[in-house]
Amino acid sequence: MTTYRAIRGMVDILPDQTPLWQSMETAALEVLSSYGYAEIRLPIIESTDLFARSIGEVTDIVEKEMYSFPDRNDDSMTLRPEGTAGCVRAIVQHNLAVTTQRLWYMGPMFRYERPQKGRQRQFHQLGVEAFGVATPDQDVELIALSRQLWRRLGVDDALQLEINSIGSAADRVRYRQALVDYLSGHRDQLDADSQRRLDTNPLRILDSKNPETQALLESAPVLSEYLDTETQAEFAALLSQLDLLGVTYVVNPRLVRGLDYYNKTVFEWTTDRLGAQSTVCGGGRYDTLVEELGGPPTPAIGFAVGMERLLQLTEGVEVEKKERPP
């Protein structure tokens with residue numbers, strides 16, 4: 001008799017686990033509502049071209065990880081690997097960018113990766129997006145909102161904010177050339193994946209987990225040296241506001257995030273409690289994406305939380321609290 005099992009990398013959430021999920025979802029809803037964010041519910045399947053155009057055709061997600069297939073009309077469809085592209089598509093399609101929008105969504109995403117603890121092929125994200133405000137106070141609001149969620153769940157002491165500015169498209173063009181010039185002189189020392197990226201998307205080399213490549217990058221040009229005066233001032237204002245709120249952070253000049261639509265502010269909340277899977281939440285600005293997908297010029301910023309990783313972190317913190325001596 002045939003024994004059916006869940007597809008590799010797609011796991012069941014059993015009845016003894018669902019109360020933990022419900023508690024985490026309730027906490028998120030309460031925090032988001034207190035900040036005035038409204039829920040939007042988006043399709044799980046979108047046109048493949050939407051993700052190729054927004055995420056970037058030479059990113060790992062588009063090249064290696066998407067679940068794409070032709071439908072009966074031979075149109076290429078993709079199970080969503082992330083939520084921002086679909087949210088922006090909805091903003092444009094329904095003409096929502098005419099007013100400021102603060103939105104959130106929650107649900108499954110799909111990427112063909114090697115399954116491991118806290119990283120499955122079907123995983124769940126909480127996405128939070130804000131449209132229409134270009135100033136650093138919107139960046140601060142999202143970071144403060146995420147910190148409030150960590151406090152609500154009791155994991156704020158286990159998370160560290162890393163932040164950077166990757167500047168405008170013009171800033172990155174200047175930096176890209178400087179980085180390529182430097183790395184081309186050390187091409188034979190790069191790992192195979194970084195050698196390929198040197199010709200297609202060199203900023204992704206900054207994400208390399210290869211120790212030799214990371215050692216080589218220690219002497220590479222730094223992106224912050226190529227930011228224009230306006231971007232530097234905005235980033236300084238953002239950090240000043242975080243200081244006033246008492247938000248501790250580390251400026252990480254190598255932080256670029258893995259999606260092409262980001263510009264200016266990028267950030268991650270990381271932890272040392274989950275092994276190699278250190279990033280629990282990541283996001284940043286994407287001020288040109290609404291226009292690129294057919295809408296009016298609209299500044300925007302968002303973040304996504306990996307729900308499995310957050311749940312794993314929450315459980316670990318609870319165990320630590322119980323094991324502490326009174």
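On a predicted model such as this, the values are computed, not experimentally measured, just so you know.
- By the 4.5 Å heavy-atom criterion applied to side chains, L159 and V280 are counted as neighbours.
- Look at R102 and E141 and you find a salt bridge, because one of the NZ, NE, NH1 or NH2 atoms lies within 4.0 Å of a carboxylate O, short of that distance.
- Between the side chains of D228 and T231, at least one donor-acceptor pair of N or O atoms lies under 3.5 Å.
- R204 has a carboxylate O that lies under 4.0 Å from a charged side-chain N of D260, or vice versa, which qualifies the two as a salt bridge.
- E46 and R89 are joined by a salt bridge, as a carboxylate oxygen and a charged side-chain nitrogen come within less than 4.0 angstrom of each other.
- A salt bridge between R41 and E39 is present, with a side-chain N of the basic residue lying under 4.0 Å from a carboxylate O of the acidic one.
- When side chains are defined from C-beta on, I13 counts as touching H124, because their heavy atoms get closer than 4.5 Å.
- Judged by a 6.0 Å distance limit and a 45° cone about the ring axis, R174 is not positioned over the six-membered ring of Y226.
- Classification of R151 and D157 as a salt-bridged pair fails, no side-chain N sitting under 4.0 Å from a carboxylate O.
- The neighbour count for L245 CG, taken as heavy atoms of other residues, nucleotides or ligands under 6.0 Å away, is above 12.
- The salt bridge (charged side-chain N to carboxylate O under 4.0 Å, His left out) check on R147 picks up nothing, with sequence neighbours excluded.
- Checked for salt-bridge contact, K264 and E234 meet the test: a charged N lies under 4.0 Å from a carboxylate O.
- In this structure, L311 and L20 have side chains that are in contact, with non-hydrogen atoms separated by less than 4.5 Å.
- Note on D199 versus R196: no salt bridge recorded, every NZ/NE/NH1/NH2 to OD/OE distance being 4.0 Å or above.
- Using a cut-off of 4.0 Å between Lys/Arg side-chain N and Asp/Glu carboxylate O, E268 and R257 are scored as salt-bridged.
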